[in-house]
Amino acid sequence: MKPVAFDYARPRTIADALELLDARPGAKILAGGQTLGPMLNLRLVQPELLIDITRITDLITVTETDDGVAIGACVTHASIEDGAIGGIASGHLDQVAAGIAYRAVRTRGTIGGSLTHADPAADWFAALLAFGAELEIAGTTGTRRIALDDFVKGAMETDLGPDELVTAVHIRKCGREARHGYHKICRKTGEFAEAIGAVTVEEKTGRFRLVAAGGSHAPVVFTDPSSLFRTADPLDVRSFDVDMTAAALRDAGMNADDYDLRLRAVAMQRAVKEAAQR
Amino acid sequence: MKKQGVGARLVRKEDDRYMRGRGQFVGDIRRAGMKDVAFLRSPVAHARITSINIPEDIQANVVTAADMASVKPITAVTSLPGFKPSNQSILAEGKVRHVGEMIALCIAPTRAEAEDLVARVEVDFEDLPPVHDMLQAREKDSPLIHEGWSDNIFLETLVDYDMADAEREAAVKVSREFSTARQCMSPIEGRGAIAEWDHRLEQLTLHTSTQMPHIVRSGLAECLGLDHGSIRVVAPDVGGGFGYKGILLPEEVCLAWAAMQFGHPVRWLEDRRENLTASANCREHHYVMTAYADKDGKLLGIDAEATVDSGAYSSYPFAACLEAAQVASILPGVYDFPHYRCHTFSAATNKPPILPYRGVARTGVCFAMELMIDAVARELQLEPTDVRLKNLVRPEQMPFDNITHKHFDSGDYPEALRQAIKAIDLKAVRKRQKKGETDGRLLGVGFAMYCEQAAHGTSVYAGWGIPMVPGHEQANARLTPDGGLELRIGAHSHGQGLETTLSQVGHEVLGIPHEKIKVVHGDTAYTPYSTGTWGSRCMVMSGGAVAEACDQLASRARGIAAKMLQCKPGEITLKDGRAHGPSGELSIEEVAHVWYRRPQDLPEDVDPAGLEVTSGYKPERDTGTFSYAAHAVTVAVDPETGEVEILDYVIVEDGGVLVNPMIVDGQIYGGAAQGIGTALYEEMIFDSEAQPLASTLSDYLLPGPTEVPSIRVFHMETPSPYTRFGVKGIGEGGAIAPPAAITNAINDALKNLGAELAVSPVTPRRIVEAIAAVRRSDAA
């Protein structure tokens, strides 16, 4: 399969990109193209114009902020794997990046592109929900910041408007005692996940975020451990209850079968175990 | 000189161009004025076409069946009694019978533009009830795939060797139902072809990615009504075949017709979506089996009903019953037991035709038989390897005619198993199993054995009466004026390394350095007729033919050398590329030089036949060589997630005399990787509308480098008594046993939980659900 004919533009600034997006209703943003490319080839999308944003300097830089880092939307998985975000959270996110697909995909695929596509089986989605990341979005009428939790409206559904562009991902620096865990279950190396568990626990502040993702169902974020653990301690792996968690996922609206629910619960259990061992 | 003949581990000659990216595949070929083709394919599995609406401005670039009335459909019949032939129209006529069936051909300067045309053609369908499942197809009230048929069965066969006796005598009876998923063959290069008409030669030339150029030529001639002489088929470099390219595709016929009609070259390159959803289907078997044994595990008989989902059409040249009919004759495998019954059905469904895939029928058969052996062992609480050792054909029985009259030529099957047991260290695995794993995973060990009939010829295929019966294989050998050797074969090399191994054979006979030997293949204009590359036949057949032609060439060269050295031909010996006579010696180069360039130096009575020979070969018996192997594997199964890790994989293999052991290792690794795909990953699911549910490689999982372990291969070497050099066909075996060995290992791991898998691929979901089912039934 080959794409339909389309125009191609490569603006150098965010403003230029937004202008094109506004002027051409049939336009589509192209970042790393690792999902859009196949979709074009299968003619699932038939845009009139592709706006390639990977040469916009602001989008490919990582900047330190007061409380963490801002990662440009077009920073690639590979550069994060290679240390571009300065080993935030003891390199936990670097490792998540290293587990995405294959190196060839990571070399082109971008963090903003992945989040914008909002595939629940994608790694960034789960990992950054556990971090409580925020997105910066630019539109023709100005910029806004939104929590990833609110950005995600469902599987492949987001809050992004047709004339908007994700420009950066903001990650708050966690305290030194913060613990992170990430566990992905997939059929083979490089495939999209069947199930993902991702967790952040900050004992001092009592902050707890445990994410169930993977497959085709919208992810679920738990901020209260009580429906998942038999004891109050969110780092006590032995008290994590897979059956209770599977039930909690169903209660949270995850419309999956027993196998899928349990697999997510197991992934969550293993993420918690990893966090506890750190 | 370093050893270069039979047995040398030479680096493959062809790898130089492949590893540098210089191979020339169909997709690399350009022709002036060439246009691209895209096919409009059926989106539905079973429907009548009520109308095809082509916008007026593109009518000149769109072809439908109505335009091709003079072209005959592909019909691959067999002479087996009761076989029902199907007509596979080149473009669908009136009705479509599977998703992906071609309805129209669209021509444009580029593939993208051709796809634009496809999108503008509108087809109206009147839906018919689809048949998505082979067992559904067998039901009495099933919708019929082909009008005029009484049922959906291409062929039904039954053999019964006194099965009732086993039922009376047996101490135990173990019954199981097994099935193997429909798969898609996934060569890196898909199919593809360029067709053009040469006005000077009045000849159609088809460059096509095929394993069998001469058979494609015959098929094209029959469909298009052309003389063979008006067609030249060229197979350039081919990026993997595995059986998928051993088929005449309707696309090839359609393209050839279009080239003649439009007057310019036309090209079609299959993309992965077409490959997955429309064409490369294989493997789907279903078995209901009962084993009868005494209390020590000695088999008394096997009773089986086997169904193969043959898909909608009978493919050319192997026909729709290739798999099921073989199942009946090869199900007993490497075992010797007295009673056997096998009832087979080749069922037509609304799916693409089932095509031969590496290890044709054997992979399914091995899965069923080897899982059955383990089931018997579990029933009797015996070690599965002990049950195998009790039932294997023994070396002193060789050559052995088994219950279905297969003639096993040579080998020591029990020894292969004993070596595998030792290599995998069964004792240590059992000890570790008792101790348990600290991470909660379950350890299992599994074995599987098979024997693989290869290079079988006239006597086997004549009985089937398919459009193609292999006879004597031919090769042409020509000394060049500078003392080099050109070998021409009608088969084709696409991963088998024949450019290297046949050079080794040429070197073995003539002593010419292998660097100076060139193997020419894959072009009907340059090579003698051959049924092509399939059935692990080329090392035996083309190798034998090359040796035969080189023998005769040696004799011709001795004749000329004798004239030059003034002695009798019988006094000349050829050694290391030199002709030695009683009073002197000459190099082959000098002999060639004088014959071609200085004939004035030869006497008038020299043999005029010259230094070019075409000769043919058949083994002393053409019932096939039988390679065999024992596979052993240890796995760790995660009962929570169903994930399987292969911890160790051992193959003990006997392929007779190996012409190039390094190439054989490569064949085994590659085959085993495909077998691991069959075991754990590959599955083309069709829904109840017979829609294929995997259209990209993110849905159709293939094993990659991280899923294939380092496999330890051990060789035994029992020469075939019937072939030149004692070689046996070896190309397919690697792909046969892994599904059985791995599933047996998984079942071994799960045996204390009481769960057992009988469906391939063994996916994580199937494992977890099997465990859950046992828990549910225990709770109830």
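A, B, ... follow the sequence lines: proteins, then strands. Residue 1 opens every chain.
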Q. Among all residues two or more places apart in sequence or in another chain, which pass the side-chain hydrogen bond (donor to acceptor under 3.5 Å, both in side chains) test with Thr231(A)?
A. Asp236(A), Ser239(A)
Can you pull out the donor-acceptor contacts between chain A and chain B, under 3.5 Å, including backbone atoms?
from, atom 1, to, atom 2, distance (Å)
Met1(A), N, Asp271(B), OD2, 2.1
Lys2(A), N, Glu115(B), OE1, 2.8
Lys2(A), N, Glu115(B), OE2, 3.2
Arg43(A), NH1, Asp116(B), OD1, 2.9
Arg43(A), NH2, Ala112(B), O, 3.0
Arg43(A), NH2, Asp116(B), OD1, 2.9
Arg187(A), NH2, Leu680(B), O, 2.8
Lys188(A), NZ, Leu702(B), O, 2.3
Thr189(A), N, Glu707(B), OE2, 3.0
Thr189(A), OG1, Thr706(B), OG1, 2.8
Thr189(A), OG1, Glu707(B), OE2, 3.4
Asp257(A), OD2, Arg765(B), NH1, 2.7
Asp257(A), OD2, Arg765(B), NH2, 3.3
Tyr259(A), OH, Arg765(B), N, 3.3
Asp260(A), OD2, Arg765(B), NH2, 3.3
Arg262(A), NH2, Glu640(B), OE1, 3.0
Arg270(A), NH1, Asp638(B), OD2, 2.7
Arg270(A), NH2, Asp638(B), OD1, 3.3
Arg270(A), NH2, Asp638(B), OD2, 2.9

Q.
Restricting to non-hydrogen atoms, name the atom on Pro3(A) and the atom on Ala112(B) that form the minimum distance, rounded to 0.1 Å.
A.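 In terms of heavy atoms, the two residues are closest at O-CB, 3.9 Å.
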(Q) Could you check whether atom CG of Leu44(A) has more than 12 heavy atoms from other residues, nucleotides or ligands sitting under 6.0 Å from it? (A)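 Yes, CG of Leu44(A) has more than 12 neighbouring heavy atoms, counting only those of other groups under 6.0 Å.
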